[in-house]
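Sequential numbering from 1 along the given sequence is applied to the chain's residues.
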Amino acid sequence: MLRLPHAAAIAALCTALHPAFAEPAAGKARHARFLALGDSPPFRQEIRDGVRYELDPPSGSIPPREVIARTAGKASAPVPLRLGRISPPVPVPPGVGPLQLQQVGDNAEAAPWVKFSHPETGDFLVLLWRNPETGLWRDVKSLVVAEVPAGSARVVNLFPQPVRMLWGAENMLLPAGATMVRAVPRDSPVPLRILTADATGRLMRYYSGGVSANADERSLVVTYRADGENPRRPLKVSILREPALMPLEVPK
């Protein structure tokens, strides 16, 4: 008979593979993670002496490659930021308080790249996107949302206008900046369609598919404004699915 590994062995394996996900002593620690959303600038190159060289992206067109989280007088190790990828977690003290991100290389007295207040309890995710008015990542916007437990999905609308969501049998209008949490049945994908009005007021479909998760997984669905050069479709959809490795509380 096949014997499943003991929970302690699984936890040890997760720690060995990714120390950032180590279970905290006595379950007291909490964590923050960061997700930058947007488009990468077009690839640029030049030819010098017959050799092609990739050019650096224009200033402000991408988020910092690494940031340091500062809270309660403590600084984290450098945290990588990649468009469309959730960062590794950083520890956060209990209670409400300020948290700021600084670009690696800035001194502690430099103005933070972005700052916000973290919630009183629980793990959380910080969504980051560049200011649509300036088009620069130096003017970053942010939204803090609680992490959701396994078997559920967090849905967030960062698009600057309401978005029509057809979630299973539900038909709802999600306002700009709004978020919701929905259950995702095990081994039963939830049909999802996302529509929004174009300049003429006609509803246009931007996503048609499904959201799924195993019993130990959670999902994140984010709609956001396309910020590339002359995008053909103004709305983009990011769907991320991952193991729920850390114990989480059901958001209220």
Side-chain angles (χ1 to χ4, degrees), residues 21 31-40 82-87 89 119 122-130 132 141-228 230-252:
F21 285 105
H31 300 84
R33 300 190 298 165
F34 313 100
L35 173 60
L37 293 158
D39 299 320
S40 299
R82 300 292 183 269
L83 286 170
R85 298 183 184 180
I86 299 177
S87 77
D123 301 312
F124 59 94
L125 177 68
V126 183
L127 304 174
L128 303 162
W129 68 99
R130 56 176 156 176
K141 302 291 186 181
S142 64
L143 176 68
V144 178
V145 297
E147 295 272 27
V148 298
S152 59
R154 165 77 66 184
V155 183
V156 185
N157 179 24
L158 297 182
F159 196 64
Q161 67 187 57
V163 169
R164 176 69 60 183
M165 293 268 183
L166 304 179
W167 178 277
E170 288 187 83
N171 184 341
M172 69 200 81
L173 194 64
L174 195 63
T179 177
M180 68 181 190
V181 178
R182 289 295 185 270
V184 181
R186 180 181 179 180
D187 301 325
S188 179
V190 178
L192 173 63
R193 284 195 293 165
I194 297 175
L195 309 93
T196 193
D198 63 12
T200 67
R202 183 180 61 171
L203 278 178
M204 299 289 293
R205 186 171 61 189
Y206 285 90
Y207 179 82
S208 181
V211 178
S212 58
N214 293 325
D216 60 346
E217 293 179 326
R218 59 171 172 250
S219 296
L220 174 69
V221 180
V222 185
T223 59
Y224 61 97
R225 174 184 173 274
D227 60 4
N230 304 314
R232 291 185 301 171
R233 295 167 64 86
L235 184 146
K236 287 198 167 184
V237 180
S238 177
I239 299 181
L240 301 175
R241 173 179 168 181
E242 64 172 4
L245 295 178
M246 293 179 288
L248 299 169
E249 297 177 356
V250 177
K252 296 180 181 180

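- Rounding to the nearest 0.5 Å places OG1 of T196 at 10.5 Å from CE of M204.
- Heavy atoms only, all atoms of each residue included: V190 and G168 are closest at CG1-N, 3.7 Å.
- Residue L83 comes nearest to S40 through the heavy atom pair CD1-OG, 3.5 Å, listed as atom of the first residue, atom of the second, then distance.
- Taking CG of L127 as the start and CG of L220 as the end, the distance is 6.5 Å to the nearest 0.5 Å.
- Scanning both residues, P149 and S152, for their nearest heavy atoms gives O-OG, 2.6 Å.
- We find the CG-CZ distance between D216 and R218 to be 10.5 Å, quoted to the nearest 0.5 Å.
- Between atom CZ of residue R154 and atom CG of residue L125 there is a gap of 9.0 Å, rounded to the nearest 0.5 Å.
- Considering every non-hydrogen atom in both R33 and S87, the closest pair reads CD-O, 3.5 Å.
- Using modelled atom types, no side-chain atom of T223 and backbone atom of V237 make a donor-acceptor pair closer than 3.5 Å.
- Under the rule for a salt bridge (Lys or Arg N to Asp or Glu O under 4.0 Å), the partners of R182 that lie at least two apart in sequence or sit in another chain are E170.
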**Request:** Show your reasoning for whether side chain to side chain contact (heavy atoms under 4.5 Å, CB included) applies to V156 and Y224.
**Result:** CA-CA 9 Å; V156 185; Y224 61 97; over 6 Å; no

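- Taken from CD in Q161 to CG in D198, the straight-line distance is 9.0 Å, to the nearest 0.5 Å.
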**Asked** Should V155 and L192 be marked as a side chain to side chain contact (heavy atoms under 4.5 Å, CB included) after you check the CA-CA gap, both sets of side-chain angles, and the distance that decides it?
**Response** CA-CA 11 Å; V155 183; L192 173 63; over 6 Å; no

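- Using a distance-only test at 3.5 Å, with no hydrogens or angles considered, no donor-acceptor pair links the side chain of D39 to the main chain of A226.
- Side chain of N171 to main chain of L166: no donor-acceptor pair is present (N/O by atom type, distance under 3.5 Å, no hydrogens or angles).
- No side-chain heavy atom of D227 sits less than 4.5 Å from a side-chain heavy atom of W129.
- Among all heavy-atom pairs drawn from A153 and V211, the shortest one is CB-CG1, 4.4 Å.
- Residue V126 is tested with L35, V144, I86, V145 for a side-chain contact (heavy atoms from CB on, under 4.5 Å); the sole match is V144.
- A176 approaches F159 most closely through the heavy-atom pair CB-O, 3.2 Å.
- No side-chain heavy atom of D123 sits under 4.5 Å from any side-chain heavy atom of P89.
- The distance from the CH2 atom of W167 to the CD1 atom of I194 is 9.0 Å, given to the nearest 0.5 Å.
- Between the side chain of N157 and the main chain of P175, a donor-acceptor pair closer than 3.5 Å is present.
- Pairs of residues two or more places apart, or lying in two chains, that qualify as side-chain hydrogen bond (donor to acceptor under 3.5 Å, both in side chains) and include a residue from residues 203-213 are S212-R241.
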